[in-house]
Amino acid sequence: MRAWNRAQLLWGYLRGKQRLNALPVEFIVETTAKCNLYCPMCPRETHKQPKEDMTDAIFQRLVQDASHSAEHVMLIGLGEPFLDNKIFERIEYCDRHKISTLLSTNGTLLDEATCDKILRTPLEHITLSFDGSTKESFEYYRKGARFEKVRDNFVRFARMKKERGVKVQVVAQMVRMERNWNEVDDFVRFWSNVPGVDQVRVKADETNLMRPDSGHAASDWKHPCHYLWRGPMYVKHNGDVYPCCQSYMLDGAPVGRIGDAPLTEIWNSEAMQRMRRLHVANRAGEIDVCSKCCTTIPHPILVAGSLIFHGRTVRNLLPLVERLTYLSKLPNRLLRPPKPPAPSEPLVQIESTKR
């Protein structure tokens, strides 16, 4: 069923269809809008968030509607997942519907008991967000967190995963920004040597808060954006559905709400069809959120590949593709990052390790 769903999405993408007979292969689901840190690069600092969690009714309706098409769900958003008291139940619920789960954490709540609970779940992937190699840079970007405590929490989690032989993929990730750009080598060196860490990733900041003048020029939109054909769609804690996470953060309007209409209707709403139509016509720059977007645009070859293979395979291959592209081993046109407001050295570097 999922393979056929991908095939239909691929056909729709290659043909530039506005209405699709399939559903997204992945979703970003914000199960909580609560967070315990202040991070200057986080959109929640410009988009006030209530201290609320997603209801069971919304979450279960979404999973049920997507159960025959979704390959994985990212349980992340503008909140810290482990502030959601039902996060472990949600992971199990997705697993019962044969949907794998991924999440990202700031690490402040990863005590030994929480690590133990995580490692007993069918969670497939966890990103350990650690934005800096020094106390100064880390605590500037993660206000409210202590460098040593979070580092030790992450090391303990990776070690426990290694000792128990759990298969969850552990990725240590740093977002490269103005105050930590020169710490990449130290970051990669340290986390590559932590047992249990499967991958070390350094990526560009894809929000506009730290570089408000960034975005894609009209000439960048030579190919339709993959989000509109394969996902992930972004579902806020209140059930509002957006074409992608960037569309919410750039003040776009929701295209529907879980519970008010079937997922198939939301995915093919007039707003979604209009966006697809403009992207196919190379007029994406006329869409306000797309003109301000800081997300890299992949070449149709990569989009097609992401629909031929299962989402798990795509996730494992993506860092390699990024690394080869940004090291000029593959043509730069395969991944088209937004133009920065001022000249700078490349913003993305990927390192991988298997442990």
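This structure is a prediction, so every number in the text was calculated from the model and none was measured. These numbers come from the heavy atoms of this one structure, side chains and all, not from hydrogens, waters or symmetry mates.
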Under the rule for ring pair (Phe, Tyr, Trp, His ring centres under 6.0 Å), what residues qualify as partners of W267, not counting sequence neighbours? none

K34 meets the salt bridge (Lys or Arg N to Asp or Glu O under 4.0 Å) criterion, sequence neighbours left out, with D53

Pairing residues for F147 by the ring pair (Phe, Tyr, Trp, His ring centres under 6.0 Å) criterion, not counting sequence neighbours: F130, F138

List for me each residue that meets ring pair (Phe, Tyr, Trp, His ring centres under 6.0 Å) alongside H68, sequence neighbours excluded, and say none if there are none. none

Sequence neighbours left out, what passes salt bridge (Lys or Arg N to Asp or Glu O under 4.0 Å) with D288? Give chain and number order. K292

According to side chain to side chain donor-acceptor pair (under 3.5 Å), who are the partners of E92, at least two apart in sequence or on a separate chain? none

Qualifying residues under salt bridge (Lys or Arg N to Asp or Glu O under 4.0 Å), relative to R6, sequence neighbours excluded: E71

Pairs where residues 139-148 contributes a residue and the test salt bridge (charged side-chain N to carboxylate O under 4.0 Å, His left out) is met, not counting sequence neighbours: D131-R142, K135-E139, K135-E148, R146-E148

Quick one: list whatever passes side chain to side chain donor-acceptor pair (under 3.5 Å) with E183, sequence neighbours left out. T134, S137

In chain order, what residues pass the salt bridge (Lys or Arg N to Asp or Glu O under 4.0 Å) check against R156, with sequence neighbours excluded? none

Is a salt bridge present between K149 and D152, judged by a nitrogen-to-oxygen distance below 4.0 Å? no

Side-chain donor-acceptor contact under 3.5 Å, S69 with R2: no

Tell me every residue that passes ring pair (Phe, Tyr, Trp, His ring centres under 6.0 Å) with Y13, counting only those two or more places apart in sequence or in another chain. W229

Partners passing side-chain contact (heavy atoms from CB on, under 4.5 Å) against N182 (at least two apart in sequence or in another chain): none

